[in-house]
Amino acid sequence: MKKTHYSLICALLLSSSAFAQEVTKLYSGKAPGSENWTWSEAENTNNIFKTRVIYNVAEPTITAFLPDKDKATGTAMLIAPGGAFHTLSIDSEGIEVAKYLNSKGIAAFVLKYRVARSFTDDPVKELMGKMSNFKTLDEENAPVIPLAIQDASTAIKYIRKNAEKYDIDPNKIGMIGFSAGGTLTLGAMYKATEESKPNFIAPIYAYTKAVDEIKNIPKEKTPIFIALASDDQLGFAPANAQLYLDWKAAGQPVEMHIYEKGGHGFGMNKQKIPTDTWYERFGDWLKMQGYLKKRYPNKWEQQFSEEQLETFSKQNAEREKRDWANLVKYKKANAEIGEPKQGPTRVVFTGDSITEGWVGADADFFNSNNYVGRGISGQTSPQTLLRFRQDVVDLKPKVVIINIGINDIAENTGDYMQEYTLANYKSMIEIAKANNIKVILASVMPAAAFPWRKEIKDVPSKVIALNEGIKQLAKQYNLVYLDYFTPLKDERNGLSKEMAEDGVHPTIACYKIMEKLAKEAITKALK
């Protein structure tokens, strides 16, 4: 197994996850207490744990994983992977945990703390040989544990000191650790100063005995979440149950989950048993404690309480199970609209949130021109196709403007395939033509990135390619092509702040430009 120096390890960590922001050394020089350590950090992936481990850590670091601003809660967590103070299970008990916390709007910092020296390039095999005698292993770990606690305390101090830099609340900094990392989490709490004290902790299948001698449960409110399996091979369940009782007796908010099965070290691994979702229970607990409130709710979210927003989310999820295309959205409005009357020609605008938001932003444009808005936020082309007869054909318009596809690229309902999206366009065109409805194909709007899907890359090039396909369809079927893209794009082939505050959803100024373009296209289609 090839040994890897610190700088290369950093590069590997950064490349392993798009969420990683930076790696920070905890000490400017040699770490205090281990100045004479001469070995170099390395990693191993070929071991009986079947996971990547880091070992021989001599230069402690934290790697920052920051959430998207629109999800940010201001809460931060230090993550301590386990490995019996000999290795660090950096993925299933580190980086994967960080990604989950990011999804909840929590800034996560994966700690690489000092561990006992390994003398071979298979540290797991070496460790397993030592675990047959816990007394000897404890004695070997004893001088290392205070150094690891020092690393955790230093990391929390650093995070709190740099709260403004990381856009976090210095009073909402927690720590979660697994196995030896759970031991470290307790130790960091027991030995904490005001600067280094976590505001809440989550020791997961922790070895409590190693820090019992320094047990010092805080008097101020410090919530604790404990989780492990009853069949833990290392026999940690009774001691963790006592940990629960101790914190409960101290009057602290405490929650504990003891799973029947799961063994030791389940982390973020999948075994098709209830431990697979332990982190969801942790998320529920974080929410109950008030750590998941958005720091920057958008204007729509500001209208409602957290409970209302959660209710909306659940209702929408349930509705999607019953009515994937959201046929109920306009069912009542369609029944009330009646036959087209004398006067302005009825035109239906079908699409997604851009169309739906347009009606809300400038209702007079639709009402005064006999235009009907039938956009549904978040929808993709297959959903729009499914409701095309109900929300377009049955309204008997002279013209339909189809503006859909941006959410296909964003993969809102599955993997994006341009040919599949264009095939849905073809079906809508042919249905409209069969019912004597003139079709206008609108280009997909410019977008440099998706705030809700930042992992989607090369958005502008995908939009440009899809628009070229839509333009070719317009030519093939002899239809009017309504080009929003060219006059609205900025230098990034996205939308400027003036055109869309979030880069996707138009402002009223943007809609005013679109209105002029749409009216010109409608006039052209009716000739």
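In this text the structure is predicted, and so the values were computed from the model without any measurement.
- For Ser196 (side chain) and Ala192 (main-chain N/O), no donor-acceptor pair under 3.5 Å exists by modelled atom type.
- The backbone N or O of His505 lies less than 3.5 Å from a partner atom in the side chain of Asp502, making a donor-acceptor pair.
- When side chains are defined from C-beta on, Phe85 counts as touching Ile145, because their heavy atoms get closer than 4.5 Å.
- Taking Tyr279 as the reference, Tyr100 meet the ring pair (Phe, Tyr, Trp, His ring centres under 6.0 Å) condition, with sequence neighbours excluded.
- Side-chain polar atoms of Gln150 and Ser153 form no donor-acceptor pair below 3.5 angstrom.
- Residues Met128 and Ile48 form a side-chain contact, since some pair of their non-hydrogen atoms from C-beta on lies under 4.5 Å apart.
- A perpendicular orientation is assigned to the rings of Tyr166 and Phe109, their planes being inclined by more than 60° (bins at 30° and 60°).
- With contacts defined as side-chain heavy-atom distances shorter than 4.5 Å, the pair Leu309/Lys294 does not qualify.
- In Lys30, the NZ atom is crowded: over 12 heavy atoms of neighbouring residues, nucleotides or ligands sit closer than 6.0 Å.
- The shortest non-hydrogen separation linking Met175 to Ala80 is CE-CB, 3.9 Å.
- Taking NZ of Lys462 as the reference point, atom CG of Asp408 lies at 12.0 Å (rounded to 0.5 Å).
- Side-chain atoms of Arg492 never come within 3.5 Å of backbone atoms of Ala448 as a donor-acceptor pair (strictly under, hydrogens ignored).
- Classification of the Tyr207-Phe236 ring pair by plane angle, with boundaries at 30° and 60°, yields parallel.
- At most 12 non-hydrogen atoms from other residues, nucleotides or ligands lie less than 6.0 angstrom from CD of Glu501.
- Pairing each heavy atom of Ala98 with each of Val110, the nearest pair is CB-CG2, 4.0 Å.
- Residues meeting the side chain to side chain contact (heavy atoms under 4.5 Å, CB included) test with Tyr190, sequence neighbours left out: Leu186, Val211, Ile214, Lys215, Asn216, Ile217, Leu243, Trp247.
- Between Tyr205 and Phe266, the angle of the ring planes goes over 60°, which puts this pair in the perpendicular group of the 30/60° scheme.
- Nearest heavy-atom pair across Pro203 and Gly182 is CB-O, 3.9 Å.
- Glu195 and Thr193 share no side-chain donor-acceptor pair at under 3.5 Å.
- The only option from Lys50, Arg52, Lys99 that meets the salt bridge (Lys or Arg N to Asp or Glu O under 4.0 Å) definition with Asp91 turns out to be Arg52.
- In this structure, Lys287 pairs ionically with Glu310, as a charged nitrogen and a carboxylate oxygen lie closer than 4.0 Å.
- Here the NZ-CG distance, from Lys157 to Asn162, works out to 13.5 Å after rounding to the nearest 0.5 Å.
- Screening Lys172, Arg160, Lys221, Gln289 for a side-chain hydrogen bond (donor to acceptor under 3.5 Å, both in side chains) with Asn199, the sole residue that qualifies is Arg160.
- For Ala76 against Phe200, the heavy-atom pair with the smallest separation is O-CZ, 4.2 Å.
- With hydrogens and angles disregarded, a donor-acceptor distance shorter than 3.5 Å links the side chain of Thr222 to the backbone of Glu220.
- Contact annotation: the side chain of Glu260 never approaches that of Ile273 to less than 4.5 Å [non-hydrogen atoms, C-beta and beyond].
- Inter-residue side-chain proximity for Leu184 and Leu111 is flagged as met; some heavy-atom pair is nearer than 4.5 Å.
- Between the OG1 atom in Thr51 and the CE atom in Met268 there is a gap of 12.5 Å [rounded to 0.5 Å].
- With respect to Lys130 and Glu140, a salt bridge is recorded, a charged nitrogen being found less than 4.0 Å from a carboxylate O.
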**Asked** Could you walk me through whether Thr73 and Lys104 pass the side chain to side chain contact (heavy atoms under 4.5 Å, CB included) check?
**Response** CA-CA 8 Å; Thr73 60; Lys104 293 295 182 181; over 6 Å; no
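- Between Pro123 and Val53, the closest heavy-atom pair is CG-CG2, 4.2 Å.
- Distance alone, capped at 3.5 Å, is enough to place a donor-acceptor pair between the Thr185 side chain and the Gly177 backbone.
- The existence of a salt bridge linking Glu318 and Lys314 is excluded, since no basic side-chain nitrogen approaches an acidic carboxylate oxygen closer than 4.0 Å.
- Atom CD1 of Ile149 sits about 11.0 Å away from atom OH of Tyr113, to the nearest 0.5 Å.
- With a 6.0 Å radius and a threshold of 12 heavy atoms from other residues, nucleotides or ligands, Lys497 has its NZ atom at or below the threshold.
- Between the CE atom of Met189 and the CD1 atom of Ile201 there is a distance of 4.5 Å, given to the nearest 0.5 Å.
- Applying the 6.0 Å contact sphere to CD of Gln303 captures more than 12 heavy atoms from other residues, nucleotides or ligands.
- With no hydrogens or angles considered, a side-chain donor-acceptor pair links Thr413 and Thr380 at under 3.5 Å.
- For Asp68 (side chain) and Ala72 (main-chain N/O), no donor-acceptor pair under 3.5 Å exists by modelled atom type.
- Taking the charged nitrogens against the carboxylate oxygens, Arg281 and Asp284 do have a contact shorter than 4.0 Å, which makes a salt bridge.
- Distance alone, capped at 3.5 Å, places no donor-acceptor pair between the Asn47 side chain and the Asp122 backbone.
- Closest approach of Ile159 to Ile173, counting heavy atoms only: CG2-CD1, 4.0 Å.
- In this structure, Glu126 contributes its side chain and Phe119 its backbone to a donor-acceptor pair below 3.5 Å.
- Contact of the Leu292 side chain with the Thr75 side chain is not registered, since no non-hydrogen atoms from C-beta on lie closer than 4.5 Å.
- Between atom OG of residue Ser461 and atom CG of residue Asn493 there is a gap of 9.5 Å, rounded to the nearest 0.5 Å.
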**Prompt:** Would Glu93 and Ile79 satisfy side chain to side chain contact (heavy atoms under 4.5 Å, CB included), going step by step from the backbone distance to the final call?
**Reply:** CA-CA 8 Å; Glu93 295 177 349; Ile79 304 168; over 6 Å; no
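- Within a 6.0 Å sphere centred on CD of Glu213, other residues, nucleotides and ligands contribute 12 heavy atoms or fewer.
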**Request:** Kindly determine whether Leu127 and Leu137 satisfy side chain to side chain contact (heavy atoms under 4.5 Å, CB included), including the steps that lead there.
**Result:** CA-CA 9 Å; Leu127 171 63; Leu137 182 62; 4.2 Å; yes
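- Shown here is Asn171, whose CG atom has more than 12 heavy atoms of other residues, nucleotides or ligands within 6.0 Å.
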**Request:** Tell me, with the steps shown, if Val23 and Lys112 meet side chain to side chain contact (heavy atoms under 4.5 Å, CB included).
**Result:** CA-CA 10 Å; Val23 179; Lys112 289 197 296 183; 5.7 Å; no
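- Of the possible polar contacts, one joining the Gln302 side chain to the Pro297 backbone as a donor-acceptor pair under 3.5 Å is found.
- Between Tyr55 and Val124 there is no side-chain heavy-atom pair separated by less than 4.5 Å.
- Residues Tyr291 and Met77 fail the side-chain proximity criterion, which asks for heavy atoms closer than 4.5 Å.
- With Asn56 contributing its side chain and Ala42 its backbone, the two residues share no donor-acceptor pair below 3.5 Å.
- A salt bridge links Asp167 with Arg295: at least one charged nitrogen is closer than 4.0 Å to a carboxylate oxygen.
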